Amino acid sequence: MASSDNKVEAGGTAHMVAALAKALREQMGLTQEELGKLIGYTASAVSAMETCAQPASDKMLVKLEEVLGGGLGVFEKARKWMLLEKYPARFRGVAGLERGAVTISSYESFVIDGIFQTEPYAHALIRGGYPAVSDQKREELVEARLARRALFDRDPSPMIELILEETVLRRPFGDWDIMRGQLRSLAEDAQRENVCLQVLPLDRGLRGSHAGACGSMKLLVTEDHDHVIYLEIEDQGILVSDPPEVAQLAHRYAKIRSQALSPDDSLSLIERLAGEEP
């Protein structure tokens, strides 16, 4: 069900799409119910979109382009910006950089990186978070997160590196079937040509050095070959661009990577865990 709270949360693109869709619908002499039938939605869904109580989903934008777009491509162009607005505010800046990055290198110590998440895993993870979000907001967050998987097939394709703590592979969300499905998907993604996936073993700390003790990080090399690092701490996003700070964190990432299992051994571990019963 649409929430009036979303009217406040909706961004500029959502309001622009709502106003444009309403104007074009009225110009064509269509009621909300008639437009709904043409695009496969109810009249209440069209009303919610036009009032920003429930901003247009990516699928709705595709249909609006077909019916109202008139060949201009305005709703098609809005898709990218609508997805960005559905990310939490702390992540929007880095999400835009991530879309065009030539290299994306992540170290995750608690959950599977968002680019690699399956839909059931993302749903379970967001549903169990605190503070709780509405069903509609959860759907928007999941949609935005799954859209990041387009990076795998982007042309030109970025180099995507991921280092996961072994504990991440053993920490289920939702239920064990969801987790096994996530591990199988992770194993498939690990075999992509533009992906390098490594696991930092559980016993790393017994060897006297664990470079990942300070937590997760994401390193991006942008289209302009700038190097930035994104850190997230208790819902606070920090984007680091100062060269000396970036260099220090990049050296830490390199040390973490050197302590991880090889890509082949990491894949073998993931496949083994995917086949285990809890």
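Computed from heavy atoms alone, side chains included, the values below leave out hydrogens, waters and symmetry copies. Since this is a predicted model, take the numbers as computed values, not measurements.
The backbone N or O of L206 lies less than 3.5 Å from no partner atom in the side chain of D203, so there is not a single donor-acceptor pair. When atom types are taken as modelled, the side chain of Y107 and the backbone of I256 share no donor-acceptor pair closer than 3.5 angstrom. Put simply, the side chain of Q248 never gets that close to the backbone of P244: no donor and acceptor are under 3.5 Å apart. Judged by distance alone, with hydrogens and angles left aside, the side-chain atoms of S209 form no donor-acceptor pair with the main-chain N or O of G205 at under 3.5 Å. A donor-acceptor pair under 3.5 Å links the side-chain atoms of E65 to the main chain of E76, judged by distance alone. Distance alone, capped at 3.5 Å, places no donor-acceptor pair between the R192 side chain and the N194 backbone. At least one donor-acceptor pair closer than 3.5 Å links the side chain of S216 to the backbone N or O of S109. Under a 3.5 Å cut-off, the side chain of E108 and the backbone N or O of V168 do not form any donor-acceptor pair. R154 contributes a side-chain N or O that, together with a main-chain N or O of R99, makes up a donor-acceptor pair within less than 3.5 Å. Looking only at distances, no side-chain donor or acceptor of S157 sits under 3.5 Å from a matching main-chain atom of D153.
How far CD1 of I115 is from CG of L151: 5.0 Å, rounded to the nearest 0.5 Å. Distance check: E161 CD to C196 SG gives 5.5 Å after rounding to the nearest 0.5 Å. Note: E166 CD to I270 CD1 = 10.0 Å, rounded to the nearest 0.5 Å. Residue I238 holds its CD1 atom at 12.0 Å from CE of M217, rounded to the nearest 0.5 Å. Distance CG/L186 to CG/L164: 6.0 Å, rounded to 0.5 Å. Rounded to the nearest 0.5 angstrom, L220 CG and L239 CG are separated by 8.0 Å.
For the pair R25 and E34, the salt-bridge criterion is not met [side-chain N within less than 4.0 Å of a carboxylate O]. Between R127 and D135 there is no salt bridge, since none of the side-chain N atoms of the basic residue sits less than 4.0 Å from a carboxylate O of the acidic one.
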**Prompt:** Are R148 and D113 close enough, and set up right, to give a side chain to side chain contact (heavy atoms under 4.5 Å, CB included), and what steps lead you there?
**Reply:** CA-CA 11 Å; R148 294 168 65 196; D113 182 85; 4.1 Å; yes
**Prompt:** Passes side chain to side chain donor-acceptor pair (under 3.5 Å), Q136 versus E140? Steps please.
**Reply:** CA-CA 6 Å; Q136 173 60 29; E140 291 180 2; 3.1 Å; yes
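Counted by atom type alone, Q117 and H123 present zero donor-acceptor pairs between their side chains at under 3.5 Å. A donor atom on one side chain and an acceptor atom on the other are not found under 3.5 Å apart for S185 and T118.
More than 12 heavy-atom neighbours from other residues, nucleotides or ligands sit within 6.0 angstrom of CD on E26.
Judged as a ring pair (Phe, Tyr, Trp, His ring centres under 6.0 Å), the pairs with a partner in residues 218-267 (not counting sequence neighbours) are, in order, F91-Y230. Pairs of residues two or more places apart, or lying in two chains, that qualify as ring pair (Phe, Tyr, Trp, His ring centres under 6.0 Å) and include a residue from residues 126-162 are F116-F152.
Clustering ILVMFWY residues whenever any of their side-chain heavy atoms sit less than 4.5 angstrom apart, transitively, puts M159 in a cluster other than the one holding V246. Linking ILVMFWY side-chain heavy atoms closer than 4.5 Å, directly or via other members, places L267 and L162 in two distinct hydrophobic clusters.
Considering only residues two or more places apart in sequence or on other chains, Y121 meets the ring pair (Phe, Tyr, Trp, His ring centres under 6.0 Å) condition with F173.
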